[in-house]
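Structure first, then comments.
For this chain, numbers begin at 1 and follow the sequence in order.
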Amino acid sequence: MIALRLPFILLLAGVFGLAGCSTHQPVSLYQLDSGSPTQPAQSAGMAVLIGPVQIADYLQRETLLQRQPDGSLQAATDGRWAGSLTSDINQLLVRQVAGHLDSQRVVLAPATLGFAADVQVLLSITRLDSGPSQPAILDAQWRLIDRRGQVRDNRIIHLQEQHAGSTAAQVQAQGVLLQRLAEQLSVALKPLANQPPVAETPRKSAPVAAKPAEKDKQPKIPMASPIRTDMEVFRF
């Protein structure tokens, strides 16, 4: 009986093994496409500080979320992000803006000691997602701060891109949206390249103590005082 049961046990083991292989298929990893930005040639171009860049909380994960027709989000079963999506967004923006401005002086916040930015970009990305039947959508807002600390531009952005429906096509569409965001941002930055230098505030000199009034150098003449005598005056 034992000999007859062995083939049946081996057959069951093979069936369960195949079932396990079919349920644990490899998951694809995706990164945002940064396009083909122009390599900047100017080492002394416009100095731009990008950041802090605020990314919506739901995007700060490796899970690749899919927007459903009812507006809900579900985790994709056939793919996920290959690392940090926040880091991919930051690097894409830096490369794109540097290429559009033709400047090697485009850096992420926090800047290194001694870096004097002509403009600082405060950027907030509140939405970046798509779905099999939903277009890729990017919602963002930026503020541009000049070297004097004044807000020179404040803009709310809404961008949309259609795609073929697959996960790979959705990721590609999201990358295109970020490239378009970087292009619009660069257009807003260019007029701020030729800012006049900040005039240094003149230092106030220490107050000079007032000199005491000079005394009259002329000798004082003593005032005449009446002279009293004991002489008597007689009248006749």
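The line from CG of Leu64 to OG1 of Thr167 is 6.5 Å long, rounded to the nearest 0.5 Å. For the atom pair CG of Leu159 and CG of Leu178, the computed distance is 9.0 Å after rounding to the nearest 0.5 Å. To the nearest 0.5 Å, the span separating OG on Ser130 from CD1 on Ile137 amounts to 9.0 Å. Here CZ of Arg152 is found 9.0 Å from CG of Leu144. Values are rounded to the nearest 0.5 Å. Distance check, rounded to the nearest 0.5 Å: CD of Gln74 to CD of Gln68 gives 4.0 Å. From Ser36, atom OG reaches atom CD of Gln96 across 8.5 Å, with rounding to the nearest 0.5 Å.
You'll find the side chain of His100 reaches within 4.5 Å of the side chain of Glu183, heavy atoms only. Residues Leu192 and Met46 meet the side-chain proximity criterion, which asks for heavy atoms closer than 4.5 Å. Side-chain contact check for Val107 versus Ile50: every heavy-atom pair is 4.5 Å or farther apart. Side-chain atoms of Val121 and Leu189, non-hydrogen and from C-beta on, do get closer than 4.5 Å to each other. When side chains are defined from C-beta on, Asp129 does not count as touching Leu65, because their heavy atoms never get closer than 4.5 Å. Inter-residue side-chain proximity for Glu161 and Arg180 is flagged as met; some heavy-atom pair is nearer than 4.5 Å.
With hydrogens and angles left out, the side-chain atoms of Asp139 and Thr126 include no donor and acceptor closer than 3.5 Å. Under the 3.5 Å distance criterion, with hydrogens and angles disregarded, a donor-acceptor pair is assigned to the side chains of Asp153 and Trp142. Side-chain atoms of Gln134 and Gln66 include no donor-acceptor pair closer than 3.5 Å.
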*Please test Leu128 against Leu59 for side chain to side chain contact (heavy atoms under 4.5 Å, CB included), starting from the C-alpha separation and ending with a verdict.*
CA-CA 8 Å; Leu128 179 63; Leu59 295 173; 3.8 Å; yes
*For the pair Leu49 and Val106, evaluate side chain to side chain contact (heavy atoms under 4.5 Å, CB included) and give the outcome as yes or no after the intermediate values.*
CA-CA 6 Å; Leu49 178 64; Val106 179; over 6 Å; no
*Going through the checks in order, is the side chain to side chain contact (heavy atoms under 4.5 Å, CB included) test met by Lys190 and Leu101?*
CA-CA 7 Å; Lys190 285 181 179 179; Leu101 297 179; 3.5 Å; yes
_Steps toward side chain to side chain contact (heavy atoms under 4.5 Å, CB included) verdict (His158, Gln141)_ = CA-CA 9 Å; His158 176 81; Gln141 180 179 10; over 6 Å; no
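Closest of all the heavy-atom pairs between Trp81 and Leu32 is CH2-CD2, 3.8 Å. Taking all atoms of both residues into account, the shortest heavy-atom contact from Leu122 to Pro52 is CD2-CD, 3.6 Å. When all heavy atoms of Ala75 and Thr63 are compared, the pair lying nearest together is CB-CG2, 3.3 Å. Considering all non-hydrogen atoms of both residues, Gln179 and Ser34 come closest at NE2-C, 3.7 Å. A pairwise comparison of heavy atoms in Ala116 and Arg105 identifies O-NH2, 4.0 Å as the closest pair. Taking each heavy atom of Gly79 and Tyr30 in turn, the nearest pair found is CA-CE1, 3.9 Å.
In this structure, the side chain of Gln120 engages the main chain of Gly51 through a donor-acceptor pair within 3.5 Å. Remark: side-chain polar atoms of Gln60 are paired, donor with acceptor, to backbone N or O of Ile55 under 3.5 angstrom. Looking only at distances, a side-chain donor or acceptor of Gln170 sits under 3.5 Å from a matching main-chain atom of Gly131. For the pair Gln54 (side chain) and Ile125 (backbone), a donor-acceptor distance under 3.5 Å is absent.
Cluster annotation: Ile145 is not connected to Ile157 through the hydrophobic network of ILVMFWY side chains, with a link wherever side-chain heavy atoms come within less than 4.5 Å. In the hydrophobic clustering of this structure, Tyr58 groups with Val171; members are Ile, Leu, Val, Met, Phe, Trp, Tyr whose side-chain heavy atoms approach within less than 4.5 Å, directly or through other members. Hydrophobic cluster membership is shared by Leu177 and Leu73, with clusters built from Ile, Leu, Val, Met, Phe, Trp and Tyr side chains linked at under 4.5 angstrom. Following chains of ILVMFWY side-chain contacts shorter than 4.5 Å, one cannot reach Phe115 starting from Val53, and the two form parts of different hydrophobic clusters.
Among the candidates Val97, Val176, Leu93, Ile89, the single residue satisfying the side chain to side chain contact (heavy atoms under 4.5 Å, CB included) test with Leu181 is Leu93.
Enclosure of atom CZ in Arg143 is not indicated, since only 12 or fewer non-hydrogen atoms of other residues, nucleotides or ligands lie within 6.0 angstrom.
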